[in-house]
Amino acid sequence: MIVNCVAYEAGRKLADIPVEAISEHVRRPEQLVWVALKDPTPAELEAMQAEFDLHPLAVEDARHGHQRPKIEEYGDSLFVVLQTVELREDRLEIGEVDVFVGRNYVLSVRSRSERGFASVRARCEREPELLRQGAGFVLYALMDAVVDRYFPIIEALEDRLEAIEERIFAGAPARGIVESLYGLKRELTTLQHAVRPLLEATGKLYGGRVPGVCAGLPDYFRDVYDHLSRINQSIDSLREMLTTAMGVNLSLISLQENETTKRLASYGALIAIPTLIAGLYGMNFQEMPELHWAYGYPFALTIMVGLDLWMFSRFRKAGWL
Amino acid sequence: MIVNCVAYEAGRKLADIPVEAISEHVRRPEQLVWVALKDPTPAELEAMQAEFDLHPLAVEDARHGHQRPKIEEYGDSLFVVLQTVELREDRLEIGEVDVFVGRNYVLSVRSRSERGFASVRARCEREPELLRQGAGFVLYALMDAVVDRYFPIIEALEDRLEAIEERIFAGAPARGIVESLYGLKRELTTLQHAVRPLLEATGKLYGGRVPGVCAGLPDYFRDVYDHLSRINQSIDSLREMLTTAMGVNLSLISLQENETTKRLASYGALIAIPTLIAGLYGMNFQEMPELHWAYGYPFALTIMVGLDLWMFSRFRKAGWL
Amino acid sequence: MIVNCVAYEAGRKLADIPVEAISEHVRRPEQLVWVALKDPTPAELEAMQAEFDLHPLAVEDARHGHQRPKIEEYGDSLFVVLQTVELREDRLEIGEVDVFVGRNYVLSVRSRSERGFASVRARCEREPELLRQGAGFVLYALMDAVVDRYFPIIEALEDRLEAIEERIFAGAPARGIVESLYGLKRELTTLQHAVRPLLEATGKLYGGRVPGVCAGLPDYFRDVYDHLSRINQSIDSLREMLTTAMGVNLSLISLQENETTKRLASYGALIAIPTLIAGLYGMNFQEMPELHWAYGYPFALTIMVGLDLWMFSRFRKAGWL
Amino acid sequence: MIVNCVAYEAGRKLADIPVEAISEHVRRPEQLVWVALKDPTPAELEAMQAEFDLHPLAVEDARHGHQRPKIEEYGDSLFVVLQTVELREDRLEIGEVDVFVGRNYVLSVRSRSERGFASVRARCEREPELLRQGAGFVLYALMDAVVDRYFPIIEALEDRLEAIEERIFAGAPARGIVESLYGLKRELTTLQHAVRPLLEATGKLYGGRVPGVCAGLPDYFRDVYDHLSRINQSIDSLREMLTTAMGVNLSLISLQENETTKRLASYGALIAIPTLIAGLYGMNFQEMPELHWAYGYPFALTIMVGLDLWMFSRFRKAGWL
Amino acid sequence: MIVNCVAYEAGRKLADIPVEAISEHVRRPEQLVWVALKDPTPAELEAMQAEFDLHPLAVEDARHGHQRPKIEEYGDSLFVVLQTVELREDRLEIGEVDVFVGRNYVLSVRSRSERGFASVRARCEREPELLRQGAGFVLYALMDAVVDRYFPIIEALEDRLEAIEERIFAGAPARGIVESLYGLKRELTTLQHAVRPLLEATGKLYGGRVPGVCAGLPDYFRDVYDHLSRINQSIDSLREMLTTAMGVNLSLISLQENETTKRLASYGALIAIPTLIAGLYGMNFQEMPELHWAYGYPFALTIMVGLDLWMFSRFRKAGWL
């Protein structure tokens with residue numbers, strides 16, 4: 001589906017143009033053509049390939065989808081794969097934005113993602129002096145938008161870890177905690193796959209030799225890089241704390257077992273001691289004076305209860321019960 | 001066994017040629033000779049060495065087999081070792097494809113692998129404009145075919161991990177899970193040995209100084225590199241999730257032990273309490289009023305059963321039974 | 001809040017100047033303007049941006065706060081983010097110092113931090129020959145102050161680990177130890193986030209190509225780097241010892257369980273043996289000579305007590321009790 | 001002990017020469033002197049130092065022995081330390097081969113190793129065209145021989161791991177398995193110390209700037225490097241599988257404990273239930289109809305046995321027995 | 001305290017000189033001044049700073065002490081920090097040697113270390129041809145002495161690990177083993193802090209661009225580097241084996257628990273079975289033929305003892321007792 005297909009000049013929108021006119025506009029170096037597709041059909045992609053003269057390998061990647069994030073140069077143009085991460089019903093959903101950037105065009109192809117980039121276009125159209133910087137700036141704006149949307153995801157995962165930590169130390173059922181930790185680990189791995197390769201690739205858009213379309217914008221791409229670094233660092237911390245939390249949970253499970261054993265043994269003793277005494281007075285010796293006492297029976301019961309009370313208080317004190 | 005032995009010119013098949021004619025065709029720079037062997041005898045390899053003038057160390061490697069993936073330059077020619085990975089009866093089987101590439105020849109030697117590369121040759125013959133790019137393109141096509149066959153393997157392993165995860169959280173017998181995880185780890189190590197060295201080696205076929213036969217095809221080899229990166233990343237994730245799954249399984253085993261202990265202790269209590277009461281009424285005191293009651297016996301039984309029912313409901317509530 | 005706004009010349013204080021005069025003073029290359037803000041309002045930041053002509057991306061970072069430590073070049077000027085770490089009520093609190101450094105100005109912006117840098121300014125004003133070295137030296141002095149304040153933090157964490165170690169080997173309750181270790185891990189991660197990125201960034205302020213404002217001061221910045229290295233090494237050691245301590249704690253928990261089991265079983269035996277003997281003399285055989293002995297009952301009790309004493313001494317010797 | 005002391009010319013053996021004549025022959029650039037020592041006395045080493053004019057630091061290393069593998073340049077000559085690994089009575093024994101290589105001489109010093117390099121010399125003498133390539137080729141031949149002898153060691157260790165794995169999953173006694181795994185880990189560490197530093201060092205004998213004596217033989221030294229890479233990779237896999245096997249073993253120990261607990265508890269129940277029933281009929285109530293039945297006793301026994309059989313079959317089904 | 005203060009010329013000792021004369025001698029390029037301090041007072045350090053014209057940052061480091069090992073260039077001079085490691089009463093004690101090296105002077109400052117470097121000076125004075133190489137050689141000799149003293153430390157730690165391993169597999173009390181392993185880990189971390197930074201720094205004293213005072217001595221500094229590499233490798237192995245030993249110990253603790261459980265359960269059964277039988281004959285059925293047998297009581301005892309003997313032999317066979 002074609003979301004937008006617009007030609008700009010000097011940072012200002014000229015007109016929505018039909019697909020067939022793209023190649024014509026691209027031929028004018030003073031113009032900028034910015035097209036946005038969403039979940040395109042193969043036919044639409046083919047049309048774009050023809051109009052923009054895109055490299056077949058890049059188009060093939062876009063058609064297959066499910067690429068890892070990367071930034072590839074094809075001659076003067078760039079092919080950028082970004083992964084969008086969205087939180088739906090407590091699960092991370094991975095989408096993909098493929099961006100083809102040439103000297104004076106940008107083609108973005110969005111797949112499996114709910115949230116679009118209308119706000120990016122709106123901002124660019126609001127501030128012509130930015131858009132005048134050309135295709136490189138649009139690429140920056142798209143990357144910046146994708147990367148900024150990682151921050152709330154990271155925070156959601158951090159909140160989840162904190163909630164799990166609380167449950168761990170509050171003694172919540174360990175099985176549920178283990179499942180939560182494992183699920184969090186999975187989500188973290190997913191997010192890491194979106195971030196890490198992009199971090200590496202973005203590092204090549206400023207500093208040393210940079211692709212032509214990114215020249216003149218080093219501060220901007222370094223800014224994206226810096227954001228990605230922060231996210232990456234947060235992921236690393238989360239991973240480490242998660243591993244530690246797993247170890248802690250295992251320790252606490254062992255500990256709980258220890259406590260269960262003590263508690264059971266205490267109750268066992270509370271039953272076994274009276275059973276022993278009952279056994280004693282069940283013996284059939286002819287000469288057992290207590291048996292003939294008028295209050296022998298209550299006497300025995302009192303001893304039983306008394307011993308149990310005494311033991312109970314001792315176990316309490318020792319923290320076994 | 002010689003599978004194919006063909007001379008091409010300008011991207012089109014000239015003829016199947018006999019082995020003895022190879023050196024003659026190779027001498028004509030406008031031709032391309034493409035030979036495919038399968039599990040060759042030492043004699044066949046020797047003949048090839050003579051016809052193509054191959055380096056003895058490379059031929060020795062091909063004869064021994066069981067090489068790690070690598071790409072080596074011998075003067076103007078390349079010696080490439082690829083590992084094929086095939087899933088047979090749920091086990092990964094490693095095969096080997098050794099490719100000798102010169103300015104205008106390609107010799108591929110396939111061993112211990114069921115699936116051949118007829119489709120690669122067919123595609124190349126169908127599209128002369130591709131084949132016209134020469135020996136480097138044939139190398140690309142072979143590498144691309146080998147690497148693309150890793151994807152279904154990765155998916156099969158991912159499916160296996162998912163199946164194991166489900167069993168873990170469904171409480172399947174832990175012993176079987178441990179064995180499955182260990183087996184998966186083994187398979188993963190095998191796959192990693194096929195992928196990682198190749199990833200490193202492929203990275204040298206584009207970008208900076210590249211071997212002569214690969215010149216002019218950087219986009220193609222980068223594409224192979226990118227596929228290998230994706231596979232490598234998936235392997236890393238699998239390894240990490242697998243390690244986590246092992247830890248989770250250990251936690252759950254400990255947990256289960258804890259639960260077993262509780263359950264056993266509950267049943268123990270259900271037996272011990274009536275035993276104690278029976279012991280009480282087995283005492284031989286002369287004065288035990290209950291013993292003389294007409295309904296003393298049913299009374300005692302009622303107390304036993306009553307206490308057990310009460311305890312049973314409490315254990316239930318506490319989740320011990 | 002503006003803490004200080006001073007112009008210097010030849011290392012000596014000229015005068016406190018109003019904000020509006022900053023740009024005028026900055027225009028005189030022989031002067032040095034050094035401004036310190038604390039938790040500034042957006043308006044104050046905007047004024048500074050205008051007076052010093054700061055880069056919008058850097059100012060945006062300063063406004064958002066919560067940046068990772070970094071050193072970025074914007075043309076001839078530097079933007080430095082430092083994290084301050086303070087120990088309040090046993091918890092690490094992270095603050096931020098953003099420093100904008102130009103050829104002849106320094107603007108420091110302190111947020112969420114209790115302790116200021118008055119002492120740094122005092123030292124610089126006391127020693128004009130140092131301050132004469134310009135903005136680079138002020139940057140060094142600020143970084144040195146921030147980094148030196150990490151040392152007591154590291155020592156506090158090391159003390160905490162030592163206290164935990166003692167509790168571990170003294171057999172303190174394992175649950176509390178686990179919580180302490182986890183908390184320490186968290187703090188360590190926090191400190192590491194302040195130190196590691198800064199270490200990397202500082203390494204680029206001496207040696208090879210260095211930003212203009214840092215030129216001529218390699219020994220000073222290497223000194224900061226060296227301090228950061230020491231702190232970083234201490235963090236690494238702490239992390240490793242902490243991981244080891246967690247493993248040790250888990251081992252000791254398992255061990256304790258083992259000892260609990262033995263102890264309980266010993267007590268169990270001390271009850272079960274007399275119970276068995278009582279059972280024996282509760283049998284109803286017509287011919288049981290002991291039952292008819294005058295001292296049969298004391299005899300049985302003596303055997304019970306005797307066996308228990310003997311077993312007790314054996315368990316003691318074996319270290320089970 | 002001097003094993004061999006021979007002068008060659010144009011790849012062919014001239015004569016066995018006395019030690020005193022070495023310096024004279026080395027002075028003739030068209031000759032090649034190749035000397036082999038075994039566990040030499042200090043006096044022999046001194047003589048060699050004088051004849052070959054060896055660097056004192058290198059000779060000191062050779063005298064001390066127990067060096068890590070390394071390749072050091074001393075002016076135009078090379079000093080190479082290799083570790084031999086031999087399997088004696090199931091234990092890895094480390095020996096050492098120190099090789100001094102100059103423009104036209106090779107001195108090899110073998111220590112604590114049973115197997116010599118007579119086969120290397122024999123091969124070199126059989127193929128004069130190889131030996132004609134000079135001292136560098138002899139170095140290659142020695143390194144190749146040492147490295148090729150690592151392969152059977154790796155295979156032996158892999159076999160041992162496999163044997164342990166089988167024992168793990170066959171439920172062999174865990175204590176023995178733990179000891180075997182630990183022993184294997186030790187051996188692996190030993191082998192790794194022989195391989196890893198050599199791998200690094202060998203990487204500098206081809207490719208970029210190489211020592212003079214190795215010039216012209218890049219394919220050969222790359223071949224050694226490739227073999228070392230394969231061994232190194234196998235070591236890494238073994239280490240990883242070993243770590244995994246340790247984790248698996250720990251899991252299975254925990255699991256076994258769980259099973260033991262269940263089994264014991266089942267047997268406990270089979271005893272406790274009849275004990276309860278016996279206790280019931282040991283009560284002294286005046287009115288207990290069963291006690292007066294003619295077949296009361298067999299009736300009680302029947303109930304006991306019946307309950308036990310029923311429980312036994314249930315435990316069986318649940319896999320507890 | 002000033003240990004030595006000597007001027008040399010052409011490798012030979014001229015005279016012990018007073019502190020005040022140092023600067024005068026240093027001014028003569030043909031002389032070499034070598035001063036050794038031990039735990040100096042601030043005043044002594046100040047005097048040295050004045051005489052040798054040392055850099056204030058370096059002197060500050062020396063005054064503070066507790067630096068990490070490093071090698072820093074200050075103009076033409078070097079500032080080297082070495083850590084000495086000494087074994088006192090089974091604990092590693094860290095000392096420090098700070099060395100200031102100029103074109104023709106060496107100042108060594110030793111702190112918190114018992115053993116001095118008199119032997120280094122003696123050796124240098126004995127061999128004038130070595131000392132003639134100047135300040136760089138003295139630096140080498142000091143570093144060599146410090147590094148060589150690490151070897152016995154490493155061996156002591158290896159012995160300790162071996163002793164612990166023996167205790168582990170001999171079944172010594174696990175608690176003591178855990179403490180020993182943890183202590184060893186601490187010591188290892190300490191040693192590693194002395195070695196690793198020095199290894200890195202030493203690597204820069206030969207090969208590429210080297211500080212002026214080290215020029216002409218690459219073989220010597222490479223020798224120090226090689227020794228440090230060996231020590232570093234040993235540390236790595238120790239760390240890895242230690243981690244493995246911890247895992248092994250944990251496994252054995254779990255295992256021991258398993259064995260304890262089995263043993264206890266066996267003894268439990270030996271008591272429970274006779275208790276059941278006694279319970280049977282304690283039943284009050286009117287018709288229980290055995291009760292009326294003349295030898296009923298011995299018969300019952302025989303059955304009890306017989307069953308116990310039979311069970312005992314079975315438990316023995318199964319390895320439970």
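We name chains A, B, ... by the order of the sequence lines, and we start the count at 1 in each one.
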key: Which portion of D236(E) sits near chain D, non-hydrogen atoms under 4.5 angstrom   = neither
task = On the 0 to 90° scale, with breaks at 30° and 60°, tag the Y281(E)-Y297(D) ring pair as parallel, tilted or perpendicular.
result = tilted
message = Can you tell me if E129(E) has over 12 outside heavy atoms packed within less than 6.0 Å of its CD?
response = yes
key: Side chains of E165(E) and Y182(D), donor plus acceptor under 3.5 Å   = yes
ask   = In terms of heavy-atom pairs under 4.5 Å, which option from T261(D), N284(D), T243(D), L276(D) contacts chain E the most?
value = N284(D)
key: H292(D) side chain reached by E287(E) side chain, heavy atoms, under 4.5 Å   = no
note = Closest heavy-atom pair, L255(E) versus R175(D), reported as atoms and distance to 0.1 Å, is CD2-N, 3.3 Å
query = For L264(D) and K262(E), which heavy atoms make the closest approach, and how far apart are they?
reply = CD1-CA, 4.4 Å
ask   = At what distance, to the nearest 0.5 angstrom, does NE2 of H66(D) lie from CZ of F151(E)?
value = 12.0 Å
ask   = Nearest heavy-atom pair of V178(D) and S251(E): which atoms, and what distance?
value = CG2-CB, 4.0 Å
key: Leading residue by heavy atom contact count with chain E [cutoff under 4.5 Å; candidates R263(D), R196(D), M283(D)]   = M283(D)
Residue L301(D) versus chain E: region with a heavy atom under 4.5 Å = side chain
note = Highest number of heavy-atom pairs under 4.5 Å with chain E among G296(D), S254(D), P197(D) belongs to G296(D)
ask   = For A278(E), is it the side chain, the backbone, both, or neither that has a heavy atom closer than 4.5 Å to a heavy atom of chain D?
value = neither
request  = Look at R186(D) together with E162(E) and state whether they make a salt bridge at an N to O cut-off of under 4.0 Å.
outcome  = no
key: Row check, Y74(D) ring normal vs R222(E) NZ/CZ: under 6.0 Å, within 45°   = yes
query = Using non-hydrogen atoms only, which part of S229(E) is less than 4.5 Å away from chain D: side chain, backbone, both, or neither?
reply = both
Point-to-point distance, once rounded to the nearest 0.5 Å, from CD1 of I253(E) to CD1 of I253(D) = 11.0 Å
ask   = Should we count CG of D148(E) as having more than 12 external heavy atoms under 6.0 Å?
value = yes
request  = Check the pair E72(D), D226(E) against side-chain contact (heavy atoms from CB on, under 4.5 Å), reporting the backbone distance first and the verdict last.
outcome  = CA-CA 10 Å; E72(D) 291 181 342; D226(E) 182 49; 4.0 Å; yes
request  = Side chain from CB out, backbone as N, CA, C, O: work out which of these in N249(D) comes under 4.5 Å of a heavy atom of chain E, or both, or neither.
outcome  = neither
request  = Below 4.5 Å from any heavy atom of chain E, which atoms of A174(D) appear? Answer side chain, backbone, both or neither.
outcome  = both
ask   = For the candidates L57(D), T275(D), I277(D), T189(D), which exhibits the highest count of non-hydrogen atom pairs separated by less than 4.5 Å from chain E?
value = L57(D)
key: Proximal component of D223(E), with respect to chain D [non-hydrogen, under 4.5 Å]   = side chain
Residue, of Q192(D), Q256(D), H193(D), K185(D), that accumulates the most heavy atom pairs under 4.5 Å with chain E = H193(D)
inquiry  = Just so I understand: if I count every heavy-atom pair under 4.5 Å between each of E60(D), E290(D), Q67(D) and chain E, which residue has the most?
reply    = Q67(D)
task = Quick one: which of L280(E), D219(E), V248(E), I168(E) has the most heavy-atom pairs under 4.5 Å with chain D, could you say?
result = D219(E)
ask   = Where is the tightest heavy-atom contact between N258(E) and E257(D), given as atom of each residue plus distance?
value = ND2-N, 3.3 Å
request  = Give a yes or no on this: more than 12 heavy atoms of other residues, nucleotides or ligands lie within 6.0 Å of atom NZ of K204(D).
outcome  = no
